[in-house]
Number of protein chains: 2
Amino acid sequence: MTNPKQANIYDVARLAKVSHQTVSRVLNNNPSIRPETKTRVLKAMESLGYRPSLAARALASSKTNMLGILSSDTDFTGPAAMVHYMEAAARAQGYFVVTVGIDANDEESVKSGIDHLMKLGIEGLALVTPQLRAVEMARAAVTGIPVVTIDSMYRMDELAVSVDNFAGGAAATQHLIDLGHKNIVHISGPQGWFESTTRAAGYTATMLNANLVPQVIDGDWQLTTGYRIGKELNIDSKDITAMFIANDRMSIGFLHAMRERGIDVPKRLSVIGFDDLEETGYTSPPLTTLRQDFKELGKRAMNLLLSEIAGTSTKKLERLVPELVLRSSTGAPPKL
Amino acid sequence: MTNPKQANIYDVARLAKVSHQTVSRVLNNNPSIRPETKTRVLKAMESLGYRPSLAARALASSKTNMLGILSSDTDFTGPAAMVHYMEAAARAQGYFVVTVGIDANDEESVKSGIDHLMKLGIEGLALVTPQLRAVEMARAAVTGIPVVTIDSMYRMDELAVSVDNFAGGAAATQHLIDLGHKNIVHISGPQGWFESTTRAAGYTATMLNANLVPQVIDGDWQLTTGYRIGKELNIDSKDITAMFIANDRMSIGFLHAMRERGIDVPKRLSVIGFDDLEETGYTSPPLTTLRQDFKELGKRAMNLLLSEIAGTSTKKLERLVPELVLRSSTGAPPKL
DNA sequence: CCGGTCGATGTGAACGCTAACATGTTAGTA
DNA sequence: TACTAACATGTTAGCGTTCACATCGACCGG
């Protein structure tokens with residue numbers, strides 16, 4: 001009842017009339033312990049409200065039970081959800097997850113974030129930082145523990161989980177081509193993001209493959225940028241009939257601009273996004289897009305990392321294919 | 001260069017020709033150390049690539065340097081951003097933050113989440129769980145360390161940060177009344193959420209104060225629910241001219257329903273939301289709403305917690321007032 | 001010129017666990 | 001019956017810090 005001082009392993013041992021090591025064995029599920037003894041120890045723990053000290057355990061066994069997540073965009077829905085599921089997966093296996101949010105464009109921030117995690121003695125690291133530079137820095141700074149990247153570049157010998165952005169970009173583009181569009185413009189994500197370049201590559205390859213001319217406008221994922229481009233884009237003089245926009249946020253801004261300009265989507269112009277944010281089912285018109293399963297992505301990344309730590313690792317790379325979600329922002333091009 | 005084994009405090013001591021305790025003093029910035037000695041020790045650390053062991057420190061000092069965040073909605077933008085800023089604030093002071101995501105409606109999940117954090121030996125806990133039940137459980141289960149609640153009920157002796165939801169609800173309602181509306185309906189958040197009841201209370205009080213009849217429809221924060229209510233609501237027969245919707249997600253869904261029904265917002269019906277999500281500047285029409293400053297909220301919560309831990313605490317409660325953001329979804333009621 | 005103080009550093013133990021090895025007890029085998 | 005293997009448990013020594021106290025010299029006043 002009272003709680004004068006946390007009991008330790010010796011207190012438990014005394015009460016159960018065994019040695020402290022036996023208590024430790026019970027704690028670690030050592031098989032060579034008599035069930036009867038085990039029960040007695042367990043009962044003693046219970047009655048003392050015993051809680052093993054993680055610090056002591058870490059010190060003695062040099063296993064910290066800590067994992068790190070380096071995340072650059074925790075305030076975006078996708079990554080945030082992913083981090084959430086990653087934590088759950090890790091916790092299910094008894095691991096603690098420390099998530100550090102960084103500004104991936106600021107080398108100092110990346111460095112200090114990594115440093116913070118290394119101080120902790122993490123046993124594994126997950127990078128939810130799609131910016132190439134940050135990934136490189138982390139890979140270079142972190143040695144001796146497994147690192148899993150999500151949606152970034154990977155090498156054969158590294159752990160990685162990713163959405164097949166190339167396939168996604170290609171699928172989006174092909175969808176528009178199938179509808180009969182020829183003059184299709186792509187608004188990309190920012191330079192230096194793996195997702196940007198890969199989606200754009202999927203677009204470009206598909207366009208060229210259909211003997212069409214790819215045209216890319218640089219974006220930066222931001223809603224306001226989609227809006228701005230939408231306001232400024234010279235649609236008529238260039239006779240553009242379809243847009244493939246690299247993410248949904250920009251698409252939302254873009255659609256808003258179209259509405260303001262009185263340009264009918266999809267009658268005059270088709271728009272396809274990427275991500276499938278919840279809101280995009282409720283834009284006007286509802287947005288056709290490619291869905292990324294962040295939950296699955298996060299779970300797989302964490303499992304990859306955990307099995308690598310456990311030494312039971314078999315795969316190095318997991319790939320998810322984004323799924324085309326048809327709504328009403330795409331349709332046949334206007335008749336000439 | 002090589003890294004055969006992490007150096008410890010004795011290795012550093014030997015190299016610097018001092019005792020291990022002196023090294024420890026340098027580590028802890030003990031003032032009674034000669035600058036010259038300090039430099040020597042620092043140099044030794046540097047050259048050995050010394051990293052103090054957090055586990056050992058925690059064991060010896062019973063200070064874990066760990067903080068916990070219990071979060072129920074990490075995949076929503078607001079809380080996610082908040083957690084992000086909280087982590088940053090904690091890290092700035094050398095603390096590690098373990099965020100545990102829970103399902104606040106599942107007692108088992110809440111319990112196991114708390115248990116996980118207590119095992120860790122956290123020195124403080126932040127609750128980003130607006131569900132009353134979860135807060136109660138956490139407060140009951142966690143003793144001996146400071147706990148800060150965000151946007152929930154609070155008692156005088158507890159740490160809390162909150163948006164003044166009552167004032168927000170009142171301000172939203174007053175804005176509509178000032179425009180000339182009389183028949184104003186409120187769509188609330190779910191039962192059991194502090195924010196729901198307080199915003200609704202602000203609404204109700206303001207309505208009564210103006211001799212108007214409050215009408216509340218139960219919502220649940222979800223976008224689809226806003227949409228559904230929007231589709232079903234009998235606006236004409238009841239002659240409703242304005243809606244105060246308890247959050248932006250529901251508002252987005254609601255606006256979409258209005259668009260589909262051909263009901264002009266704001267000419268026929270005014271709509272005001274709550275949160276100021278980024279998207280709400282780009283809905284059609286752009287949504288008038290109340291802004292919550294999640295960043296500030298998170299920072300203050302963490303600072304409250306940290307200063308309580310440090311014993312320099314002065315305040316117990318911080319309040320932020322949400323700010324009215326005028327856009328185009330509200331206007332005068334239609335003329336009779 | 002001596003006891004007392006203070007500043008700078010050292011010494012040993014303690015924190016709560018696990019690892020490695022030692023011991024005792026039981027049962028199986030020749 | 002004695003010998004060994006296997007099982008169950010105990011003993012001792014770390015893990016890398018901090019804490020509490022001890023030491024040592026220099027400086028001070030009377």
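Heavy-atom basis, side chains included; hydrogens, waters and symmetry copies ignored. Proteins get letters first, then strands, A, B, ... in listed order; numbering begins at 1 in each.
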Novice: Which of these nucleotides, D:dT17, D:dC21, D:dA13, is closest to any side-chain atom of A:His20?
Specialist: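 The listed nucleotide nearest to A:His20's side chain is D:dA13.
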Novice: At under 4.0 Å between heavy atoms, what does A:Ser53 touch on the DNA or RNA strands: base, sugar-phosphate, or nothing?
Specialist: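 Result for A:Ser53 = sugar-phosphate.
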Novice: State, yes or no, whether a side-chain contact exists between B:Leu120 and A:Met66 at a heavy-atom distance under 4.5 Å.
Specialist: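 Of all side-chain heavy-atom pairs linking A:Met66 with B:Leu120, at least one is under 4.5 Å.
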Novice: Is any side-chain heavy atom of A:Glu87 less than 4.5 Å from a side-chain heavy atom of A:Thr99?
Specialist: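 Of all side-chain heavy-atom pairs linking A:Thr99 with A:Glu87, none is under 4.5 Å.
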Novice: Rounded to whole Å, please give me the gap between CD in A:Gln21 and C1' in D:dC15.
Specialist: 15 Å
Novice: Scan A:Thr22 against the nucleic acid and name what it touches under 4.0 Å (heavy atoms): base, sugar-phosphate only, or nothing.
Specialist: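 Sugar-phosphate: the residue A:Thr22, judged by heavy atoms under 4.0 Å, touches backbone atoms but no base.
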Novice: Pick the nucleotide of DNA chain D nearest each of A:Arg34 and B:Ala55; which residue has the one closer to the 5' end?
Specialist: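 The residue closer to the strand's 5' end, by nearest nucleotide, is A:Arg34.
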Novice: Please work out if B:Ile33 contacts a base, only the sugar-phosphate, or nothing of the nucleic acid, heavy-atom cut-off 4.0 Å.
Specialist: sugar-phosphate
Novice: Expressed in angstrom and rounded to an integer, what is the separation of B:Asn8 atom CG from D:dC15 atom C1'?
Specialist: 9 Å
Novice: Return whichever of A:Arg57 or B:Ser19 has its heavy-atom-nearest nucleotide of DNA chain C closer to the 5' end.
Specialist: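 Mapping each residue to its closest nucleotide by heavy atoms, the 5'-most match is B:Ser19.
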Novice: Counting any heavy atom closer than 4.0 Å, what does B:Ser62 reach on the DNA or RNA strands: base, sugar-phosphate only, or nothing?
Specialist: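 Nothing, no nucleic acid heavy atom in range.
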Novice: Give me the first and last nucleotide of DNA chain C, going 5' to 3', that has any atom under 4.0 Å from a heavy atom of chain B.
Specialist: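 Contacts span C:dA8 to C:dG16, reading 5' to 3'.
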Novice: How are the rings of B:Trp221 and B:Trp193 set to each other: parallel, tilted or perpendicular (split at 30° and 60°)?
Specialist: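 Plane angle over 60°, so perpendicular.
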Novice: Answer yes or no: is there a side-chain heavy-atom contact under 4.5 Å between A:Tyr50 and A:Leu15?
Specialist: no
Novice: Do A:Lys38 and A:Asn29 have side-chain heavy atoms sitting under 4.5 Å apart?
Specialist: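 Contact flag for A:Lys38/A:Asn29 side chains = yes.
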Novice: Between A:Tyr95 and A:Ile309, is there a side-chain heavy-atom distance shorter than 4.5 Å?
Specialist: yes
